[in-house]
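The figures here come from the full heavy-atom set of this structure, side chains too, leaving out hydrogens, waters and symmetry mates. On a predicted model such as this, the values are computed, not experimentally measured, just so you know. Reminder, nothing fancy here: chain letters follow the sequence lines and each chain counts from 1.
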2 protein chains.
Amino acid sequence: MALTDDAIAKIRSMIQSGELPPGTRLPPEPQLAAQMGLSRSGVREAVKVLESARVLDVRRGDGTYVTSLAPRLLLEGLGVAVELLRDDTLLEVMEVRRLLEPMATGLAALRMTDADLDDIGQILEDMRAAADDAEKLIQFDTAFHHTVVATTGNETLTSLLDGLSGRTLRARVWRGLIEGNAAHKTIDEHQAIYLALRSRDQLLAQASALIHVNTSEAWLRTVLAKSASG
Amino acid sequence: MALTDDAIAKIRSMIQSGELPPGTRLPPEPQLAAQMGLSRSGVREAVKVLESARVLDVRRGDGTYVTSLAPRLLLEGLGVAVELLRDDTLLEVMEVRRLLEPMATGLAALRMTDADLDDIGQILEDMRAAADDAEKLIQFDTAFHHTVVATTGNETLTSLLDGLSGRTLRARVWRGLIEGNAAHKTIDEHQAIYLALRSRDQLLAQASALIHVNTSEAWLRTVLAKSASG
DNA sequence: CACTATAGAGACGTCGGACGTTTGGCGGCG
DNA sequence: CGCCGCCAAACGTCCGACGTCTCTATAGTG
């Protein structure tokens, strides 16, 4: 299990060392193969791995390029990983969100612009308007939290929290919320976060975010308990 | 760009749906190929991607198995991703640590056992003893923070913070620390964290962790400034 | 009967070549 | 000058072959 993995390591290290900066075009696969001492098949596996990690961008008929290496790309894999976690570790994910999301929201309160606030207010309205459509609720909920965190200007933070709130996890929470007739209450929690942000009140934003995550965690527990017993 | 990616998605979805629980053995590659309607080459690329994501475990001469899907495995990729981030985004990573690590340390103060404290105290002693060996300092520093966070019992949280403190990033910070004759001061900061944990004082632990991350961030800034200008 | 050494089957690792499909650019034509 | 079509280049996919490693069942041994 050496040749292909060596190739992966080699390419990765060339990128990390700056030898292959973002945007660089790699040599054609046959040449790359010769250069690294293995067959084209092996190179293709290596390239595929790096492509799936959003490190390389393969354009059919053209060539293979190094991506921008932006956090939003490289941290994309976190989302897929979280989607594969087993039920009994989802509460761990929620605990991380409980620690991180309030802090991030607090930071957002300090950095938010008026335009950002308008965006978030709009999403909140959309959410109220879609109170009967589970699918849309999840979509606006995702947009709400993403937009709030994005106002911190920290792309790494945003990508991490996006990944931690994978679609499946969110869907489960909302399933619980709706079946428990708690959707309205949860929308109010979003409103509370919005108001705190509007006042640029860091501590209040932090507190309201914590309360919100706590609610989500509680409903996740009920959903998990139900699916474990039933 | 469909066949291989479809295969990846298919396998992943079979795992996520529970059709292929942890430990399951996959059919041999030729059979898997027939079953998914593509050649063995394609299957191999798909398997390789999932292997690199620690979703599959390929044992030569034996077969391919689904891993335990433990957070420590699936989140391993985060570390590799962080290693590839460009210099100008490392400060974003530090900001995330600034938000998350104090909270995690505070939580650790609540959950730490006496045995855990002994372990951490030991690492602290090791660190003082190795004050002249940069390599060992980095190693004990890593162990210190890892052990502290691990006492929360949250494997997901631990893996995330481990990933955010990649080896390269740590090495750069320590390079700055040592060149700036601040190694001793930093060890004292670890001592402060240790004392706070020992008192089971959540807020104090939180505060001392924040101060520590702040110091690291400051030194990272100087290192980055130097390498950018020089 | 229990244990060990060994041979074989099964599975992944690697290679080489061939052909299809797509892309991008060059050159001719209007 | 601009548009269109052709062609070389590069990735996508497939096939078949052979090497190497594991596990296991089997035969042999004490």
Could you work out, with side chain to side chain contact (heavy atoms under 4.5 Å, CB included) as the rule, every residue matching B:E29, not counting sequence neighbours? B:R40, B:V43, B:R44

Separation of B:E45 atom CD from C:dC12 atom P, in whole Å? 16 Å

Examine D:dG12: is either OP1 or OP2 under 4.0 Å from a nitrogen or oxygen in the side chain of B:T4? Give yes or no. no

Salt bridge check: are A:D62 and A:R25 linked by an N-O gap of less than 4.0 Å? yes

How long is the line joining CG of B:L3 and C1' of D:dC11, in whole Å? 13 Å

OG of B:S68 to CG of B:L74, rounded to nearest 0.5 Å, is 7.5 Å

Can you name the atoms? Protein N/O to nucleotides 22-26 of chain D N/O, anything below 3.5 Å, with the distance.
unit_1	atom_1	unit_2	atom_2	d
D:dT22	O4'	B:G61	O	3.4

Non-neighbouring partners of A:D141 that pass salt bridge (Lys or Arg N to Asp or Glu O under 4.0 Å), sequence neighbours left out: A:R170

Gap between atoms CE and P, on B:M36 and D:dC14 respectively (whole Å): 12 Å

Sugar-phosphate only, base, or nothing, as touched by B:G42 at under 4.0 Å among non-hydrogen atoms: nothing

Using a distance-only test with no angle check, is there a side-chain donor-acceptor pair under 3.5 angstrom linking B:E101 and B:H145? yes

Nearest listed nucleotide, side chain of B:R40, among C:dG13, D:dG12, C:dG16: C:dG13

Please check the phosphate of D:dA10 (OP1 and OP2 only) for any side-chain N or O of A:T64 closer than 4.0 Å. no

Between P on D:dG12 and CG on A:L56, what's the gap in Å once rounded to a whole number? 12 Å

Are side-chain heavy atoms of A:V49 and B:E51 found at a separation under 4.5 Å? no

Partners meeting salt bridge (Lys or Arg N to Asp or Glu O under 4.0 Å) with A:R86 (sequence neighbours left out): none

Taking only residues two or more places apart in sequence, or in another chain, which ones meet A:Q122 in a side chain to side chain contact (heavy atoms under 4.5 Å, CB included)? A:E125, A:D126

Quick check: does any side chain N or O of B:T67 sit under 3.5 Å from a backbone N or O of B:R54, one acting as donor and the other as acceptor? yes

Nearest to the side chain of A:R44 - D:dC15, D:dG12, C:dC15? D:dG12

Looking at DNA chain D, which of residues 24-34 of chain A put a heavy atom within less than 4.0 Å of it? A:R25, A:P28, A:E29

